[in-house]
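Worksheet: one structure, shown below.
In what follows, every chain begins at residue 1, and chains take the letters A, B, ... in the order their sequences are listed.
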Amino acid sequence: MSWAPVYRLVKRIPRGRVTTYGELAKALKLRGGARAVGYAMAACPNGQGIPWHRVIGAGGRLLMPEPQALKQRKLLETEGVALDGARVDMDAYGWSPVKTKKPKTKGKRAKVR
DNA sequence: CATCTGACGACCG
DNA sequence: GCGGTCGCCAGAT
């Protein structure tokens, strides 16, 4: 399966912002397919401009095993995302793909929540 | 075709 | 807050 849309969305994530698998799944209409999204990320071609580290679990919780999680934390911090231990403040850095998704019809509501 | 597993999410105890 | 279970989709065996 071509996870192009997933990768595309991930690439759309602005710097200093994060999103969750669930959000991505919903944005792509993959209801309950959070796992599928996770799978896509796991199979994501590393080194192709895909900021996988901006993709986290629900509630802004880091999932991946430690080695990757640590790296992810570091990368996020570098991008300006404040991490609360293994937690990310979704209320502050949570990016909504569905709302920010290509504002075709004017600006509409570019407000989070 | 059946079964298990997985970088998930939500629910329950 | 933590751990276990079920449901979801996709891929591998």
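- A heavy atom closer than 4.0 Å to some atom of DNA chain B occurs in A/Trp52, A/Gly57, A/Ala58, these being the qualifying members of residues 49-62 of chain A.
- As rounded to whole Å, 20 Å separates atom P of B/dT5 from atom CG of A/Leu63.
- Scanning both residues, A/Gly57 and A/Leu63, for their nearest heavy atoms gives CA-CD1, 3.5 Å.
- The separation between A/Tyr39 atom OH and B/dT5 atom P is 14 Å, rounded to whole Å.
- Annotation: side chain of A/Leu24 is in contact with side chain of A/Thr19 (closest heavy-atom distance under 4.5 Å).
- A straight line from CD of A/Gln68 to P of B/dC8 spans 12 Å, rounded to a whole angstrom.
- In this structure, CE of A/Met90 is placed 10 Å from P of B/dG9, rounded to the nearest angstrom.
- We find that CH2 of A/Trp3 is positioned 12 Å from C1' of B/dC8, with the value rounded to whole Å.
- The shortest side-chain heavy-atom distance between A/Tyr7 and A/Cys44 falls under the 4.5 Å cut-off.
- A heavy-atom distance below 4.5 Å is found between the side chains of A/Thr20 and A/Met90.
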Any N/O pairs under 3.5 Å between the protein and nucleotides 11-13 of chain B? List them or say none.
none

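- Across all their heavy atoms, A/Pro51 and A/Val10 have their closest contact at CG-O, 3.4 Å.
- With hydrogens and angles ignored, a donor-acceptor pair under 3.5 angstrom links the side chain of A/Tyr21 to the base of B/dA7.
- Checking side-chain atoms of A/Tyr21 against main-chain N and O of A/Ala36 turns up no donor-acceptor pair under 3.5 Å.
- When rounded to the nearest whole Å, the span between CG of A/Leu24 and P of B/dG9 equals 10 Å.
- With C/dG11, C/dC8, B/dA7 as the candidates, the nucleotide lying closest to the side chain of A/Arg35 is C/dC8.
- Among all heavy-atom pairs drawn from A/Gly59 and A/Arg87, the shortest one is O-NH1, 2.8 Å.
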Contacts under 3.5 angstrom, residues 67-74 of chain A side chains, donor-acceptor by atom type, not counting sequence neighbours:
| from | atom 1 | to | atom 2 | distance (Å) |
| --- | --- | --- | --- | --- |
| A/Gln72 | NE2 | A/His53 | O | 2.8 |
| A/Gln72 | NE2 | A/Val55 | O | 3.1 |

